[in-house]
Amino acid sequence: YAVTYRNLVNSKKNFFRLFDITLWPLVLFLSLTLFVRYIEKDPAILGVVILGVMGWRMVYHMQIELCQAYMDNWWSGMLGHFMITPVTTLEFIFGNLLIGLTKVFIVSGMYLLLAKILFGYTFNNWNLILLGSCVLLLFSIFIGMITLGICLIYQDNAFAVSYLLPDLIV
């Protein structure tokens with residue numbers, strides 16, 4: 001609870017974190033969907049692109065939250081203080097994954113709403129979409145754990161990898 005609460009408070013104070021669930025997902029969504037809509041009018045292709053962008057953001061948010069929270073402690077000089085708190089590593093990971101999941105729901109909801117408003121597009125097979133989303137979320141947790149391990153070893157030198165890794169894999 002404490003880790004999740006701390007991240008929520010930090011999210012309100014940091015514009016970059018707000019842009020992570022507003023501006024950057026909108027730029028990605030609009031640039032790809034408008035381009036695809038201009039090139040190809042087939043609604044099935046638009047649906048695949050929307051689901052692809054949504055999956056990309058799912059992997060990104062779930063993976064990056066682990067590394068970003070650790071690096072925030074590192075950069076603020078609070079890592080030593082954080083490490084002596086009674087928060088266990090598992091609680092740290094779980095709290096940050098809750099924040100990542102919250103961001104996934106916000107961005108996915110925004111994408112689905114924009115798909116309906118801008119393109120009149122709705123999805124039919126929700127069972128497969130939910131199954132695919134669960135697989136992507138599980139996959140992104142594994143990527144996040146690997147990236148967190150890299151950040152623990154190489155510290156601030158590895159932060160760029162945390163942004164690069166999910167984009168390369170996705």
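For the atom pair CD1 (Ile143) and CD1 (Ile64), the distance works out to 11.0 Å, reported to the nearest 0.5 Å. Remark: Leu101 CG to Leu137 CG distance equals 6.5 Å, nearest 0.5 Å. With values rounded to the nearest 0.5 angstrom, Met58 atom CE is found 8.5 Å from Cys134 atom SG. Put simply, CZ on Arg57 and CE on Met110 are 8.0 Å apart, with the number rounded to the nearest 0.5 Å. Remark: Thr33 OG1 to Ile50 CD1 distance equals 6.5 Å, nearest 0.5 Å. Atom CG of Asn96 sits about 10.0 Å away from atom CE of Met62, to the nearest 0.5 Å.
Leu23 and Leu34 fall within a single hydrophobic cluster, where Ile, Leu, Val, Met, Phe, Trp and Tyr side chains are chained together by heavy-atom contacts under 4.5 Å. Trp56 and Phe19 fall within a single hydrophobic cluster, where Ile, Leu, Val, Met, Phe, Trp and Tyr side chains are chained together by heavy-atom contacts under 4.5 Å. Connection of Phe92 to Leu98 is not established within any shared hydrophobic cluster, with ILVMFWY side chains joined at heavy-atom distances below 4.5 Å, either directly or through further cluster members. Val27 and Tyr60 fall within the same hydrophobic cluster, where Ile, Leu, Val, Met, Phe, Trp and Tyr residues are linked whenever their side-chain heavy atoms come under 4.5 Å apart, directly or through other members. Under a hydrophobic clustering in which Ile, Leu, Val, Met, Phe, Trp and Tyr are joined whenever their side-chain heavy atoms come within less than 4.5 Å, directly or via other members, Leu128 and Val59 fall into different clusters.
By the side-chain hydrogen bond (donor to acceptor under 3.5 Å, both in side chains) test, Thr147 pairs with Gln63, sequence neighbours left out. For Phe139, there are no ring pair (Phe, Tyr, Trp, His ring centres under 6.0 Å) partners at least two apart in sequence or on another chain. In this structure, the side chain to side chain contact (heavy atoms under 4.5 Å, CB included) partners of Leu51, at least two apart in sequence or on a different chain, are Met54, Phe123, Ile129.
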- Task: Please test Met145 against Ile93 for side chain to side chain contact (heavy atoms under 4.5 Å, CB included), starting from the C-alpha separation and ending with a verdict.
- Result: CA-CA 9 Å; Met145 298 297 288; Ile93 290 169; 3.4 Å; yes
- Should Arg37 and Phe119 be marked as a side chain to side chain contact (heavy atoms under 4.5 Å, CB included) after you check the CA-CA gap, both sets of side-chain angles, and the distance that decides it? CA-CA 9 Å; Arg37 189 65 171 179; Phe119 305 108; 4.0 Å; yes
- Item | Full working for side chain to side chain contact (heavy atoms under 4.5 Å, CB included) between His61 and Asp20 | CA-CA 9 Å; His61 284 299; Asp20 210 25; 3.7 Å; yes
- Trace of the side chain to side chain contact (heavy atoms under 4.5 Å, CB included) decision for Ile99 with Lys103: CA-CA 6 Å; Ile99 293 296; Lys103 288 182 176 184; 4.2 Å; yes
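Taking every heavy atom of both residues into account, Leu136 and Gly55 meet most closely at CD1-CA, 3.5 Å.
Under the 3.5 Å distance criterion, the side-chain polar atoms of Ser31 are matched with a main-chain donor or acceptor of Leu28.
Taking the six-membered ring for Trp and thresholds of 30 and 60 degrees, Phe29 and Tyr111 have nearly parallel ring planes, at less than 30 degrees apart.
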